[in-house]
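The model shown is predicted, which means the values in this text are computed figures rather than measured ones. When a ligand or atom number is given, it counts from 1 through the structure's own listing order.
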Amino acid sequence: MSKFTSKRLAAMVPYVPGEQPRERKYIKLNTNESPFPPREAVTEAAKAAAGTCHLYCDPEVTALTAALAERYGVQPENVLITNGSDEILNFFFMAFCDEESGVSYPDISYGFYSVFAGLYHLPAKEIPLDDELRIRVEDWLDRDTNLVFANPNAPTGRYLPPAEVERIVATNRNRIVVVDEAYIDFGGETVAPLIKKYDNLLVTGTFSKSRALAGGRVGFGIADAAMIGELKQIKYSTNPYNVNSVSAAMALAALREDEVYMDRCHTVMENRAYTTKALEALGFAVIPSMANFVFAKSERIGGEALYLALKERGILVRHFKNPRIKDYNRITIGTREQMDALLEAVNEILKEV
Ligand code: PMP
């Protein structure tokens, strides 16, 4: 702690991102990236945009906003593009969460929710998942705080169908319900169209997973125009040029080939089914996942021990120390070759225990 540390800083518990090691080449199955690189049209668009970088980027991100609105069947005023979806989540916490509104999220979910709640000193409630790590919808009806959850949830991969999400949104009309759809393209159905019916719904999404742009940092929010307008106030008060020209051009090029990207999601879903079956054959309990990862545990080896043994063999997965989920590992679904390498390593490790 330096002599300049403020009370706020001292009280902060920062988010810990998954490992991004540079010292050794790992098979990276720890941060839910796409195993496929961006398409050529995307890298070409990046090159072209780089040539314009002596000028500031478009603060309205006009072309991408229009294309995304069309893709989700809403109007441009319903869309805000951000620097990854972490930023739209931050904007939501900054704009709408305070002492009076509070905020609630599942006890097991994306770690950033509690980090933001701490950063902004919010009265926060964790709503427990059930014993099978499912959201119990009844616990989410008629609440007295803003609500945020990921669907599919992370790190479990569990998915709530749109009708269930709508029940939550419909019974909390005086509070905002954020549905974080970072992983929706791997078999789920977006609830974005519901923003026309509910002015308390904010749907967030990202180009980091299904559209292979994690390093490009492009995310978005879809909501009623009034809510988007207020979120924009935060954007213009913090970082008006939050989406740089190169990233915006890459995202637009990716969206123009959306069918190809959605096809790739199907490949990931096939590999997910393959991996689930193979892990189950090795005795793992695997939570049914609608995301580009699976959450699995084995009675034969502890979660952390498996994580470390895989790391030694050059394979990274994600282990969380939270006691409720410490027996599990979250394994990103990659190519068939990557999954075969993982399964072979797991098999070897289990033979040694
Ligand atoms: N929401 C969830 C549930 C996530 O797992 C992630 C990825 N860490 C994000 C949001 C943020 O992703 P990004 O900022 O790359 O869009």
*Measure the distance from atom 16 (O) of ligand 1 to every protein heavy atom, then report the residue, atom name and distance (to 0.1 Å) of the closest one.*
Thr206 OG1, 2.5 Å
*Distance flag, aromatic centroids of Tyr113 and Tyr110, threshold under 6.0 Å*: yes
*Could you tell me whether Asp180 approaches ligand 1 through its side chain, its backbone, both or neither, with non-hydrogen atoms closer than 4.0 Å?*
side chain
*Among protein heavy atoms, which sits nearest to atom 14 (O) of ligand 1, and what does the distance come to when rounded to 0.1 Å?*
Arg217 NH2, 2.7 Å
*Under the salt bridge (Lys or Arg N to Asp or Glu O under 4.0 Å) test, which residues partner Glu230, sequence neighbours left out?*
none
*For residues Phe116 and Tyr15, establish whether the separation of their ring centroids is below 6.0 Å.*
no
*Decide whether a cation-pi geometry holds between Arg211 and Tyr261; the criteria are a distance under 6.0 Å from NZ or CZ to the six-membered ring centre and an angle within 45° of the ring axis.*
no
*Could you check atom 5 (O) of ligand 1 against the protein and tell me its nearest heavy-atom contact, residue, atom and distance included?*
Tyr183 OH, 2.6 Å
*Check the pair Lys28 / Gln338 against side chain to side chain donor-acceptor pair (under 3.5 Å), numbers first and verdict last.*
CA-CA 9 Å; Lys28 259 191 106 270; Gln338 288 176 319; over 6 Å; no
*Please could you name the atoms of ligand 1 that Lys209 approaches to less than 4.0 Å, counting only its heavy atoms?*
7 (C), 8 (N)
*Starting from atom 12 (O) of ligand 1, locate the nearest protein heavy atom and write down its residue, its atom name and how far away it is, to 0.1 Å.*
Ser85 OG, 3.4 Å
*Could you tell me the residue and atom name of the protein heavy atom closest to atom 11 (C) of ligand 1, and the distance to it rounded to 0.1 Å?*
Asp86 OD1, 3.1 Å
*asked:* Checking Arg318 against Glu19 for the salt bridge (Lys or Arg N to Asp or Glu O under 4.0 Å) test, could you report, in this order, the C-alpha distance in whole Å, the side-chain angles of both residues, the deciding distance, and whether it holds?
replied: CA-CA 8 Å; Arg318 186 91 195 251; Glu19 295 166 90; over 6 Å; no
_Atom indices of ligand 1 within 4.0 angstrom of Ser208 heavy atoms, with elements_ = 13 (P), 15 (O), 16 (O)
_Pair Thr204-Ser85, side chain to side chain donor-acceptor pair (under 3.5 Å): steps then yes or no_ = CA-CA 7 Å; Thr204 65; Ser85 57; 5.4 Å; no
*What are the atoms of ligand 1, with element, lying closer than 4.0 Å to any heavy atom of Gly84?*
14 (O), 16 (O)
*Looking only at protein heavy atoms, identify the closest one to atom 8 (N) of ligand 1 and say how far it is in Å.*
Tyr110 OH, 3.2 Å
